[in-house]
Each structure stands twice: as C-alpha cells, then as structure tokens.
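Notes follow the structure.
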There are 2 protein chains.
Amino acid sequence: MGRDGKPTYDKILAESKALLFENGFSGTSIDQILQRTGITKGAFFYHFKTKSALAKALIEEYAKEDILHMNEALKKTKYLEGDALERLLQFIQEFVDMMSGLSEPYSCLYATYTYEPSQFDEETLRHISETILTWRNTMEQLIRDVLQDYDTKIEIDIQSLADHTVVIFEGAFVVSKALKGRDLTADHLKHLKNYFQLLFIRKTTKD
Amino acid sequence: MGRDGKPTYDKILAESKALLFENGFSGTSIDQILQRTGITKGAFFYHFKTKSALAKALIEEYAKEDILHMNEALKKTKYLEGDALERLLQFIQEFVDMMSGLSEPYSCLYATYTYEPSQFDEETLRHISETILTWRNTMEQLIRDVLQDYDTKIEIDIQSLADHTVVIFEGAFVVSKALKGRDLTADHLKHLKNYFQLLFIRKTTKD
DNA sequence: TTCAATACATACCAACTAGTCTGTTTAATT
DNA sequence: AATTAAACAGACTAGTTGGTATGTATTGAA
C-alpha cells in the first residue's frame, strides 16, 4: 500500500553519485540533489534519514558492483585455470576491455571518500578498505597460482604486487580526471598486463 | 612599515593544506582554519581575498615544490646520462628513497582538487593538468633517450608509458590513504622500476 | 615624533546548510 | 467505499557559511 518508492530511491542514488563526482561530498548539498532529481525534501528524508545515510548507501552499492565486476572477470577466466599466468593476464584484459572506449574519465567513489575522510563515519570508510582488501586477496591468490609454475625475474613482495592493480586503477582515474581528456585506465592496465607478462618466467623442471 | 605578515601567510598555507587532506576543500571552513592557526578573520582575508584565492595559492606552491623535486631528481641522475636506462631507473629510485619510511600515508593536492572539480576555477585546475603534463614531457624524454639504445620487449605507447609514473604515484596515495596504514608509494614505485627494467632490452648492433 | 602603510581584530550579515514538522496524496487491502 | 500505511510535499528553523565593514595595533621612514 502506498505508491512505489523504488524509482525515487534509485534516482536519488544515481544523481547523487553524479553530483559527488563533480562537487565532492561536502560540496554537494541536499538542495542540489533535490533540484537534479526533481523531488522534494520530504521525499529525500523519507528515504535517507541523514546525508550520512546517503553516503553509506552509495558506497555500499558501489562496492557491491565493484566486487561483482571482479567476480565476473574471475568467472570468465576460469577456463584458463590450467595456465595460471594466462589466466592472470586475461583477468586484467577483461578490465582493459571494460574500460576501453570510455569517452569520459571514470570517477571512483573510493577516492572521493578517501580525500575527505572526516566527512564519513568509520563504518563507511571501513567498507572501502575492506573492498580494497578483497581485491588484494583475490589478486594475491591469482599471483600465488602463477608462482606454482613460474618464478619471477625480479624478487617481489607478493602483497604489494597484489595491491598494484588497484593502485593503477585509482591512479589512472585521478590522472584521467585531472587531464579532462578521455579515460586512460585501459592504457595503464595494459602496462600492468605487460609487467605481469615480463615478470614471470616458467620454472625449469629438472627431469 | 607595518609588521611582517609572512609567518601568518605561511601558517595559513600550512594548516590549510593539512585541513584539506582531512576534510577536502568544501569540507574545510575558514573558521576551522582560524581555529587551527589561532589567527582571526581579519588576518585571513587580509592575506587571501577569497577562499578560492587560498585554493589557488595552495596549488601553486604545491605544484612548484613538486616540479622542484622532479628537477632535483633529474639533476641527481645527470651523471648517468651515458646509460639512459640506468638513469631512468635511478630517477625512479630517487623517489623510492624519498617516499621510503613515511609513517603516514602521503596525500596529494592534485587528487584533492580533482575529486571536487566544481569548487575551483579553470585557472586553478589548469595548473594541475599542466604540472602533470610537465611530468609527462620529462618522462617521455627520459624514455626516448632509453629508446636510442634499447628496444622494448613489448610494443608500447610512449606517452602512456610516460604518464604511468604519475598514475602510480596517485594510485599509491589513494590506496595508502584508504587503507589507513603506512604509505605504500615506495613499494609501488619499485614495481614501476621493475617494469622499466624488464621492458627494455639493449639493441643488437649489427657490426 | 609624527606619519602612513601594513597587518591584524571583531562585530556583523545575507545566503545557505542539514534536518524537522505537519500535512497531503497514492494505492493496495478489507 | 472506507481504511491504512507508504510515499511524498513544502514551509520552517537553528546553526553555519563565506565575506564585509570598520576600527586598532605595529613598525619603519620622514
């Protein structure tokens, strides 16, 4: 009973996210969100108790989709399990493909929140760090699988190599946005792929 | 005549920068700056006509120091001009050393501004893109020098490889800050160094 | 020692902020 | 058709925002 609030809720999330990428969180007022969505204050505060609640809902949705994409790429490359390096390279390639041909620079909520951390409660920020750690764990596993059959030409720290993927994502987002051109993420993921390709060398089996 | 305003001016810049890294630009109020510096509104608006003027002064100082560091690293490695690859690797190593042993995550004003771009005028934002392009040009030159004597094992786009350094800087800043641990920049610059080391192979001279 | 420009102090203001309160509309249920 | 809870509308408020106006203190130069 009562009308369906889902479209309104979704609209708030979508337009808020877009506004956050232009103005940041503090720089985005609720009145701005109302203007952009065409809804009123009553509707907004019906769906979100506070502005912080919106921030939390936004990052939860964003992180969920992020991990979803990651798991999709894992699934799509599962058929390459036989050669762990080939799988790792194709895993990165999935994101190269995904980010290719983006006209606008892509913006990331993690960076948005991270660069004004005092505006968010601990739970909200922990959501970000935990998602990054999920990426770390996934990448670490992919790399460990490679290391079963491959050595590295240069001694490396596995954890920091695992983090390197997210580092390149985030860095490419910042630089693309700062240069206001097209999105450069795909290009830089290719460098990551190159690095993996060059770094590993098949173990010599002493038969 | 009149007392010396330099200490006040410098104090405003220093404390503002620290506040920006905690709260972002919109999230930092002038009253907060006054509290932190112990000065009054009159003093603040004597030195900066508007809040935007502060933003501009901050990014100008920041970019100036950034390019200064870059040029220092260039100078320090000039003695390696004979082997361009060795020089490139040592150039990166200079920043590995610089960022090593940082207890706190390092924050970058470029990312701070880039993730709330509507808060700044075009001139201020252009300052950032131009600084990044200066990095691009410098790196591109270093890489071109290498390519005189080396081939790449994998075909690469020089410009995007040139940008890759700033990408890794910015990405490492974001991830370090998001994870709230120690600064990870040095670790990720090492991966960049590894990549360069693996990518180039000395040209075979047909004598 | 007066002068004048620099450097600062403080009260004030209009606009905006997140959030509240009271009421109205909508639509499935009985 | 009446009921009821969900979904929304919009006026209102207390606090904060960037910025101003006006006055005062400091200091070297004349």
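Quantities reported herein were computed from a predicted structural model and do not represent experimental measurements. Below, chains carry the letters A, B, ... as their sequence lines are ordered, and counting in each starts from 1.
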(request) Rounded to the nearest angstrom, tell me the gap between atom NZ in B:K6 and atom P in C:dC8. (result) 13 Å
(request) Identify which nucleotide among C:dA18, D:dG18, D:dC8 has an atom closest to any side-chain atom of A:I30, counting heavy atoms from C-beta outward. (result) C:dA18
(request) Please figure out whether B:F25 or B:D4 has its closest DNA chain D nucleotide nearer the 5' end. (result) B:F25
(request) Give A:G42 one of three labels, base, sugar-phosphate or nothing, depending on what nucleic acid heavy atoms sit under 4.0 Å from its own. (result) base
(request) Grab the CD-C1' distance between A:Q35 and C:dT17 for me, whole Å please. (result) 14 Å
(request) Return no unless some side-chain N or O of A:Y46 is found under 4.0 Å from OP1 or OP2 of D:dC8. (result) no
(message) Rounded to whole Å, please give me the gap between CZ in A:F45 and P in C:dT20.
(response) 7 Å
(message) At less than 3.5 Å, do the side-chain atoms of B:K41 and the base atoms of D:dG19 form a donor-acceptor pair?
(response) yes
(message) Is B:T8 close enough to C:dC8 that one of its side-chain N or O atoms is under 4.0 Å from OP1 or OP2 there?
(response) yes
(request) Can you see which heavy atom on B:T185 is nearest to which on B:S176, and at what distance? (result) N-OG, 4.2 Å
(request) For A:F44 and D:dA6, give me the distance from atom CZ to atom P, rounded to whole Å. (result) 20 Å
(request) Would you kindly give the CZ-to-P distance between A:R3 and C:dT29, to the nearest whole Å? (result) 17 Å
(request) Give a yes/no verdict on a cation-pi contact between A:K177 and B:Y115, requiring under 6.0 Å between NZ or CZ and the six-membered ring centre and an angle within 45° of the axis. (result) yes
(message) The side chain of B:S29 is closest to which nucleotide in this list: D:dA9, D:dT20, D:dT17?
(response) D:dT17
(request) Of all the heavy-atom pairs spanning A:I132 and B:A178, show the shortest one and how long it is. (result) CD1-CB, 3.6 Å
(message) If I take atom CG in residue B:N23 and atom P in nucleotide D:dT17, what distance separates them, rounded to the nearest angstrom?
(response) 11 Å
(message) Without decimals, in angstroms, what is the distance between B:I33 CD1 and D:dT17 P?
(response) 11 Å
(request) Tell me whether the guanidinium CZ or amine NZ of B:K51 lies under 6.0 angstrom from the six-membered ring centre of B:F45 and within 45° of its axis. (result) no
(request) Considering just the side-chain nitrogens and oxygens of A:H47, establish if one lies under 4.0 Å of OP1 or OP2 belonging to D:dC8. (result) yes
(request) From the options C:dT17, D:dT17, C:dA9, select the nucleotide whose nearest atom is closest to the side chain of A:D31. (result) C:dT17
(message) So A:T28, base contact, sugar-phosphate only, or nothing? Heavy-atom distance under 4.0 Å.
(response) sugar-phosphate
(request) Give the nucleotide from the list D:dA9, D:dG18, C:dC8 with an atom nearest to the side chain of B:K51. (result) D:dG18
(message) From CD1 of A:I39 over to C1' of D:dG10, roughly how many Å is that when rounded to an integer?
(response) 13 Å
(message) Students often mix this up, so state it plainly: with edges at 30° and 60°, are the rings of A:Y113 and A:F120 parallel, tilted or perpendicular?
(response) parallel
